[in-house]
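Taking it in order: structure first as structure tokens, then the write-up.
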Amino acid sequence: MTYDFAIVGAGFAGSVLAERLATQAGKTVLLIDKRHHIGGNAYDCLNEDGILIHQYGPHIFHTNSPDVFAYLSQFTKWRPYEHRVLASVNGQLLPIPINLDTVNKLYGFDFTSEELAEYFKSVGEPVDDIRTSEDVVVSQVGRDLYEKFFRGYTRKQWGVDPSELDKMVTSRIPTRTNQDDRYFTDEFQYMPLDGYTRLFEKMVAHPNIHQMLSTDFNQVKDQLSFDQLIYTGPVDEYFDFCYGKLPYRSLRFDHQTLDIPDYQPVSVVNYPNDHAYTRITEYKKLTGQEHPKTSLTFEYPQDEGDPYYPVPRAENADLYRRYKQLADELENVHFVGRLGTYRYYNMDQVVAQALTLYKKLVGADSLHDVV
Ligand code: FAD
């Protein structure tokens, strides 16, 4: 059979496009993924003890986009959840992003918000041209807080010093002078009530969508027949790495279940300075599941393995631009998603990007018209 669209990758990018094209535009879609499941990196499942875990690390949904929220709400009910993270520093568990309580507890101060703002001014080191991840933090909160909360974590996460990383990495994390200890401040902060995989199952359950899992597109592409291709895998792989490999940072996930009901005070604790892992996630604190045991994931960053994080350095952006030029020349192939456009995107951003591509494919005027 000839499909209207073949879609490579059943993560948010591929699944949103499959859903819209099948249900709204009446197109036939072949949805291919080399993994044995849909959901991409947001996939969750019950482990052998019946605890819902995220196979590829913790995924917390947050967005400021009413359109994205309304769109996804067609496929799930939600559990209100505001993410809070603690960092283990000097034997204490302290709020991150850095806020009033972080500084007061760490140094034994009793600052007000105004006094903390003055303190940041006095310890912040002026940087004329903020270019690196180190510049961002040191200019805002000074060297000691940078060393204690950011330097070690960033070195573990990226394998390079923050002084060699684009400013965008640490710019994502705000500094606060109040006691707000939420990790995100977005208007919509929820977890899908029955998990992400259920959300994906509802999204792609349509007779026009044919799933082909455990299948690498590269192995079968010559046997497939389709009019247009939507590609959410790595863009460099599509072009046989003709300009060289785009670098990614990967992770090893060590999933463990303990025979105790409760392990840590919040769902995620960061370890900027100790241990080889960056953070520990306790899933019951994300999902609200009741269970006599608890499941954790320890994350170990590494170079080899599945591509997770595009490495934000100027030379990699240049290399990506060359691949993008090739991609732009292909009329019936569309690159989308985190790997297809070599950019760190949160889930909501990928959903918006996919809806935007759908809007373009069907010639709609606004995002609002297509959700
Ligand atoms: P993916 O989910 O990666 O899907 C791409 C799919 O393509 C994969 O399933 C892959 O198997 C498939 N594929 C690739 N090549 C081929 C091929 N040749 N043939 C067949 N299939 C192929 N976002 C948030 O909003 N909140 C969070 O808390 C959050 N936490 C994260 C934590 C971690 C550890 C990571 C790595 C990411 C996190 N994200 C988070 C980001 C989120 O995972 C992404 O935004 C989202 O998964 C991107 O969707 P995607 O469809 O672009 O890519």
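Worth saying up front: this structure is predicted, and the values here are computed from it rather than measured. Ligands are counted one by one from 1 in listed order, and the atoms in each one are counted from 1 as well.
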Can you confirm, on distance only, whether ligand 1 has an N/O atom lying under 3.5 Å from any N/O atom belonging to Leu339? no

Tell me, which protein residue and heavy-atom name are nearest atom 7 (O) of ligand 1, and how many Å apart are they? Gly9 CA, 3.2 Å

Ligand 1 atoms nearer than 4.0 angstrom to some heavy atom of Leu251 are 34 (C)

Please verify the inter-ring angle class for His83 with Tyr183; under 30° counts as parallel, over 60° as perpendicular, anything in between as tilted. perpendicular

Taking Asp166 first and then Arg313, would you say they form a salt bridge - that is, a charged N and a carboxylate O separated by under 4.0 Å? no

Contact region, Pro58 to ligand 1, non-hydrogen atoms below 4.0 Å, reads backbone

Going through the checks in order, is the salt bridge (charged side-chain N to carboxylate O under 4.0 Å, His left out) test met by Arg198 and Asp44? CA-CA 9 Å; Arg198 275 286 151 78; Asp44 55 15; over 6 Å; no

Parallel under 30°, tilted from 30 to 60°, perpendicular over 60°: which one fits the rings of Tyr190 and Trp78? tilted

Taking all heavy atoms of Glu237 and all of Tyr231, pick out the closest pair and write down the distance. OE2-OH, 3.7 Å

May I ask you to list the atoms of ligand 1 that are less than 4.0 angstrom from any heavy atom of Arg35? 8 (C), 9 (O), 11 (O)

Aromatic centroids of Phe335 and Tyr238 separated by under 6.0 Å: yes

Checking heavy atoms under 4.0 Å, the part of Val8 that sits near ligand 1 is side chain

I want to confirm something. Looking only at heavy atoms, which of Ile32, Asp216, Val268, Val336 is nearest to atom 18 (N) of ligand 1? Asp216

Examine Tyr345 against ligand 1 and note whether any of their N/O atoms are separated by less than 3.5 Å. yes

I need the atoms of ligand 1 closer than 4.0 Å to a non-hydrogen atom of Tyr56, numbered in the order shown. 33 (C), 34 (C)

Under 4.0 Å to a heavy atom of Thr215 - the qualifying atoms of ligand 1, by number: 19 (N), 20 (C)

For Gly337, the ligand 1 atoms with a heavy-atom partner under 4.0 Å come out as 52 (O)

Which of the atoms of ligand 1 are close to Gly233, meaning less than 4.0 Å from one of its heavy atoms? 14 (C), 15 (N)

Is there at least one pair of N or O atoms, one from Lys34 and one from ligand 1, spaced under 3.5 Å apart? yes

Gly14, any N or O under 3.5 Å of ligand 1 N or O: no

N or O contact, Phe184 vs ligand 1, cut-off under 3.5 Å: no

Classify the ring geometry between His54 and Tyr283 as parallel (under 30°), tilted (30 to 60°) or perpendicular (over 60°). tilted

Please work out whether the ring planes of Tyr43 and His37 are parallel, tilted or perpendicular, with thresholds of 30° and 60°. parallel

Is the CG atom of Asp369 crowded by more than 12 outside heavy atoms at less than 6.0 Å? yes

Between Lys324 and Asp328, does any NZ, NE, NH1 or NH2 come within less than 4.0 Å of an OD or OE carboxylate oxygen? yes

What class does the angle between the rings of Phe200 and Phe12 fall in, given that below 30° is parallel, 30 to 60° is tilted and above 60° is perpendicular? tilted

Nearest to atom 51 (O) of ligand 1, what protein heavy atom do you find, and at what distance? Ala13 N, 2.9 Å

Between ligand 1 and His59, is the shortest N or O to N or O distance under 3.5 Å? yes

Ion pair Arg35/Asp33, N-O distance below 4.0 Å: no

Using a plain distance cutoff, I'd like to know if Ile60 has any nitrogen or oxygen under 3.5 Å from a nitrogen or oxygen of ligand 1. yes

Closest non-hydrogen protein atom to atom 25 (O) of ligand 1, residue and atom name please, with distance? Met347 N, 2.7 Å

Does at least one non-hydrogen atom of Pro234 fall below 4.0 angstrom from an atom of ligand 1? yes

Mind checking whether Asp33 has an N or O less than 3.5 Å away from an N or O of ligand 1? yes

Taking the ring of Tyr81 and the ring of Phe61, is the distance between their centroids below 6.0 Å? no

Show which atoms of ligand 1 fall inside a sub-4.0 Å distance from at least one heavy-atom site of Gly11. 2 (O), 4 (O), 51 (O)

How far is atom 1 (P) of ligand 1 from the closest protein heavy atom, and which atom is that? Asn41 N, 4.0 Å

Fit a plane to each ring of Tyr277 and His275, take the angle between them on a 0 to 90° scale, and name the class: parallel (under 30°), tilted (30 to 60°) or perpendicular (over 60°). parallel

Atoms of ligand 1 under 4.0 Å from any heavy atom of Tyr308, numbered from 1 in the order shown, are 36 (C)

Among Asp227, Asp4, Asn208, find the one that has a side-chain hydrogen bond (donor to acceptor under 3.5 Å, both in side chains) with Thr28. Asp4

Between Tyr308 and Phe253, is the ring centre distance below 6.0 Å? yes

Between Arg338 and ligand 1, is there a nitrogen or oxygen pair with a distance under 3.5 Å? yes

What do you think, any protein heavy atom under 4.0 angstrom from atom 53 (O) of ligand 1? no

For ligand 1, find out whether one of its N or O atoms is nearer than 3.5 Å to an N or O atom of Tyr309. no

Can Lys285 and Asp262 be counted as an ion pair, charged N to O under 4.0 angstrom? yes

Per-residue contact class, Glu237 against ligand 1 - non-hydrogen pairs under 4.0 Å: side chain

Out of the candidates Tyr344, Tyr345, Tyr56, only one should pair with Tyr309 under the ring pair (Phe, Tyr, Trp, His ring centres under 6.0 Å) rule; please name it. Tyr344

May I ask whether Thr63 places a heavy atom under 4.0 Å from ligand 1? no

To atom 48 (C) of ligand 1, the nearest of Asn218, Leu17, Val350, Asp306 on a heavy-atom basis is Val350

Give me the residue, atom name and distance of the protein heavy atom closest to atom 19 (N) of ligand 1. Phe217 N, 3.0 Å

